[in-house]
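When a ligand or atom number is given, it counts from 1 through the structure's own listing order.
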Amino acid sequence: MRPIMSHKRVLYGYWRSSATYRVRIALNLKHLAYEQHLIHLLNNGGEQHLPLFSSINPNELVPVLIDGEVTLNQSLAIMDYLDEVYPQFPLIPKDLKSRYLVKALAQDIAVDIHPLNNLRVLQYLADDVGIETEQKQRWIQHWITQGFHALEKNLASTAGAYSVGNSITLVDLCLVPQVYNAERFNVDVSTFPTIDRVVQALRSHPAFIDAAPENQPDAN
Ligand SMILES: N[C@@H](CCC(=O)N[C@@H](CS)C(=O)NCC(=O)O)C(=O)O
């Protein structure tokens with residue numbers, strides 16, 4: 001299927017940003033073509049803090065999606081928007097019970113696990129609180145491991161081939177980037193068998209492969 005580009009669609013992001021990674025997967029699954037505007041989160045004091053970007057998102061966080069006339073931040077809101085406007089390859093089930101299960105599990109990852117290990121939190125801990133690299137590593141591992149213990153219990157009862165049943169949902173779009181982060185910081189994901197199995201299956205899907213950090217133009 002040829003990607004759909006009926007108007008200008010721009011994703012501001014960074015290759016290693018897991019929130020951007022979620023949105024790249026969503027755009028790929030829905031076959032929506034987009035341009036990438038690369039915001040380097042470390043170079044030049046962090047390009048997210050430069051007026052070029054902070055004028056678009058005063059939170060100074062990626063991703064931002066511009067879809068024609070619409071400018072959006074917050075990856076969960078962006079994916080919700082994409083699902084409503086471009087219903088091909090639905091990410092959020094229609095059935096009430098499944099819909100809220102999917103939203104809750106996605107938030108367990110994106111709202112409760114991810115923000116504790118975000119760059120600005122880690123920079124504050126290192127630069128202002130003065131924690132050492134080893135303590136920083138422990139902080140990251142602690143919050144991911146704690147979150148994954150609960151997630152593993154939940155997925156053990158909801159997963160089929162994927163996190164919830166046998167269709168790819170929003171949960172999977174949050175899970176794969178979070179596992180990428182976990183591995184980056186040496187969390188042993190094989191101790192979470194359901195998470196591990198689902199992620200292995202998702203990683204062979206072309207939409208996930210194309211969205212992977214190492215396959216982005218700014219990867220280094
Ligand atoms: N809740 C936001 C989180 C966005 C976020 O934390 N982005 C990170 C990269 S994954 C970022 O831009 N960090 C820059 C910084 O901390 O200065 C979302 O889901 O979009």
Under a 4.0 Å N-O cut-off, is there an ion pair linking R203 with E183? yes
Is there a polar contact, in the sense of an N or O pair closer than 3.5 Å, between E60 and ligand 1? no
With under 30° as parallel and over 60° as perpendicular, where do the rings of F53 and Y12 fit, or are they tilted in between? tilted
Are H49 and E60 close enough that a side-chain donor and a side-chain acceptor fall under 3.5 Å? yes
With distance as the sole criterion, is a donor-acceptor pair present between the side chains of D95 and Y100 under 3.5 Å? no
Nearest-contact summary for atom 19 (O) of ligand 1 - protein heavy atom, Å: S75 OG, 2.6 Å
Contacting atoms of ligand 1, where contact means under 4.0 angstrom from a heavy atom of S18: 10 (S)
Return the closest protein heavy atom for atom 8 (C) of ligand 1 as residue, atom name and distance. N118 OD1, 3.3 Å
Options Q48, E47, Q74, Q123, ranked by nearest heavy atom to atom 14 (C) of ligand 1, top entry: Q48
Take D83 and K30 through the salt bridge (Lys or Arg N to Asp or Glu O under 4.0 Å) test and state the conclusion after the steps. CA-CA 9 Å; D83 221 30; K30 290 178 176 292; 2.6 Å; yes
Atom 7 (N) of ligand 1 [closest protein heavy-atom partner, distance rounded to 0.1 Å]: V62 O, 2.7 Å
I need the atoms of ligand 1 closer than 4.0 Å to a non-hydrogen atom of R22, numbered in the order shown. 19 (O)
For ligand 1, which atoms have a heavy atom of S17 less than 4.0 angstrom away? 9 (C), 10 (S)
Is there a polar contact, in the sense of an N or O pair closer than 3.5 Å, between P63 and ligand 1? no
Tell me whether the NZ or CZ atom of R24 lies within the 45° cone about the ring axis of Y180 and under 6.0 Å from its centre. no
Check whether the side chains of N181 and S18 place a donor and an acceptor atom closer than 3.5 Å, and report yes or no. yes
Please list the nearest protein heavy atom to atom 16 (O) of ligand 1 with its residue and the distance rounded to 0.1 Å. R120 N, 2.8 Å
Give the numbers and elements of all ligand 1 atoms closer than 4.0 Å to a heavy atom of L119. 15 (C), 16 (O)
Should the pair F148 and F192 be assigned to parallel (<30°), tilted (30 to 60°) or perpendicular (>60°) ring geometry? perpendicular
When only distance counts, is H114 in polar contact with ligand 1, meaning an N/O pair under 3.5 Å? no
Nearest non-hydrogen protein atom to atom 11 (C) of ligand 1, with distance, is L61 CD2, 3.5 Å
Would R9 and L65 count as a side-chain contact (heavy atoms from CB on, under 4.5 Å) if you check the C-alpha gap in whole Å, the side-chain angles of each, and the deciding distance to 0.1 Å? CA-CA 7 Å; R9 190 173 298 115; L65 181 74; 4.1 Å; yes
